Amino acid sequence: MAFFLGLSSLFGVLWLVGWLVPTTGLHDSHNAARVAAAMMFLFVGISHFTKPEAMQYMVPKWLPVPSLLVYLSGALEVLFGLGLLFPATQQLSAWGLLVLLVLVFPANLHVAINNLPPPGGLPAKPWYVWSRLAFQPLYLAWVWYAALG
């Protein structure tokens, strides 16, 4: 949910900037959505390196080497997030993010099933951890719209 709030807030600011400064191209909702997604995936990806322990607990026990998976997913978020910013890599990066979002779903499910606190000190209330799962399809749709639609 926090990711969605960041994503939608950035989109709103970027889109507004696009209308105030039309030469940026951000008045096009696809462009504003793509840049917002790039910024959020960069931010979250970098956080995998600055506070990896804050995400390792999310990795289900049946997966090996949680620290490596956190670093790997963070690196891919940074790589694909940056890739959204360049026309030559935009589509490949969008597909990479779509696959990554599907692959990290078990971690979010693990958090909900075990009623673990989400990263960032957010509440470990059942309504919150389960509601986070509902946002996953929205992120998939956002990336699709922003970079492939």
Side-chain angles (χ1 to χ4, degrees), residues 1-17 26 28-149:
M1 226 189 296
F3 186 87
F4 180 73
L5 289 174
L7 195 58
S8 55
S9 297
L10 280 170
F11 170 78
V13 169
L14 291 167
W15 190 71
L16 180 61
V17 166
L26 294 173
D28 179 320
S29 62
H30 289 276
N31 286 338
R34 185 175 43 78
V35 173
M39 293 170 72
M40 282 306 296
F41 280 106
L42 281 167
F43 173 74
V44 171
I46 290 168
S47 72
H48 283 63
F49 294 94
T50 58
K51 295 188 175 195
E53 66 284 348
M55 298 193 191
Q56 288 178 15
Y57 75 95
M58 293 178 64
V59 178
K61 304 294 181 218
W62 52 270
L63 289 171
V65 197
S67 59
L68 176 63
L69 293 174
V70 167
Y71 287 127
L72 179 61
S73 62
L76 291 173
E77 287 180 12
V78 168
L79 178 70
F80 295 143
L82 282 173
L84 287 178
L85 298 173
F86 303 97
T89 56
Q90 176 181 320
Q91 286 190 344
L92 180 62
S93 294
W95 282 109
L97 285 170
L98 292 173
V99 169
L100 184 61
L101 284 166
V102 170
L103 291 175
V104 300
F105 188 77
N108 292 324
L109 188 59
H110 174 71
V111 168
I113 289 170
N114 295 294
N115 201 39
L116 301 173
L122 298 168
K125 304 285 184 200
W127 69 268
Y128 185 79
V129 293
W130 284 98
S131 70
R132 291 178 71 237
L133 300 175
F135 283 88
Q136 209 74 15
L138 185 60
Y139 303 144
L140 291 164
W142 188 292
V143 171
W144 182 274
Y145 172 81
L148 299 171

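All values below were derived from every heavy atom in this structure, side-chain atoms included, with hydrogens, water molecules and symmetry-related copies excluded. The first residue in the sequence is number 1, and the count goes up from there. What you see is a predicted model; the values in this text were computed from it and never measured.
With sequence neighbours excluded, the residues forming a side chain to side chain contact (heavy atoms under 4.5 Å, CB included) with A37 are L7, F41, L84, W142, listed by chain and number. For the side chain to side chain contact (heavy atoms under 4.5 Å, CB included) test, residues two or more places apart in sequence or in another chain that qualify with M39 are L10, L14, V35. Applying the ring pair (Phe, Tyr, Trp, His ring centres under 6.0 Å) test to F4 and every residue at least two apart in sequence or in another chain returns F135. When the side chain to side chain donor-acceptor pair (under 3.5 Å) test is applied to N114, the partners found at least two apart in sequence or on another chain are H110. Remark: S29 pairs with Y145 by the side chain to side chain donor-acceptor pair (under 3.5 Å) rule, at least two apart or across chains. Taking L69 as the reference, V59, L63 meet the side chain to side chain contact (heavy atoms under 4.5 Å, CB included) condition, with sequence neighbours excluded. Residues satisfying the side chain to side chain donor-acceptor pair (under 3.5 Å) test with Q91, not counting sequence neighbours, are none. For Y139, the ring pair (Phe, Tyr, Trp, His ring centres under 6.0 Å) test picks out F3, with sequence neighbours left out. Residues satisfying the side chain to side chain contact (heavy atoms under 4.5 Å, CB included) criterion with V102, sequence neighbours excluded, are L140.
Closest approach of T50 and P52 over heavy atoms only: C-CD, 3.6 Å. Heavy-atom minimum distance, P137 versus A134: CD-O, 3.3 Å. A pairwise comparison of heavy atoms in P106 and P60 identifies O-CG, 3.8 Å as the closest pair.
Note that the CD atom of Q90 and the CG atom of N31 stand 7.5 Å from one another [nearest 0.5 Å]. Distance check: R34 CZ to S93 OG gives 10.5 Å after rounding to the nearest 0.5 Å. Residue L82 holds its CG atom at 12.0 Å from CD of E77, rounded to the nearest 0.5 Å. Atom-to-atom distance recorded for L42:CG and L85:CG is 6.5 Å, nearest 0.5 angstrom. L116 CG to N108 CG: the interatomic distance, rounded to the nearest 0.5 Å, is 11.0 Å.
Here the options are V111, L109, N115, the test is side chain to side chain contact (heavy atoms under 4.5 Å, CB included), and the partner is W130; only L109 passes.
Side-chain atoms of L133 and Q136, non-hydrogen and from C-beta on, never get closer than 4.5 Å to each other.
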Evaluation steps, side chain to side chain contact (heavy atoms under 4.5 Å, CB included), between V78 and I46: CA-CA 7 Å; V78 168; I46 290 168; 4.0 Å; yes
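Pairs engaging residues 58-98 under the ring pair (Phe, Tyr, Trp, His ring centres under 6.0 Å) rule: F49-Y71, W95-W144 [sequence neighbours left out].
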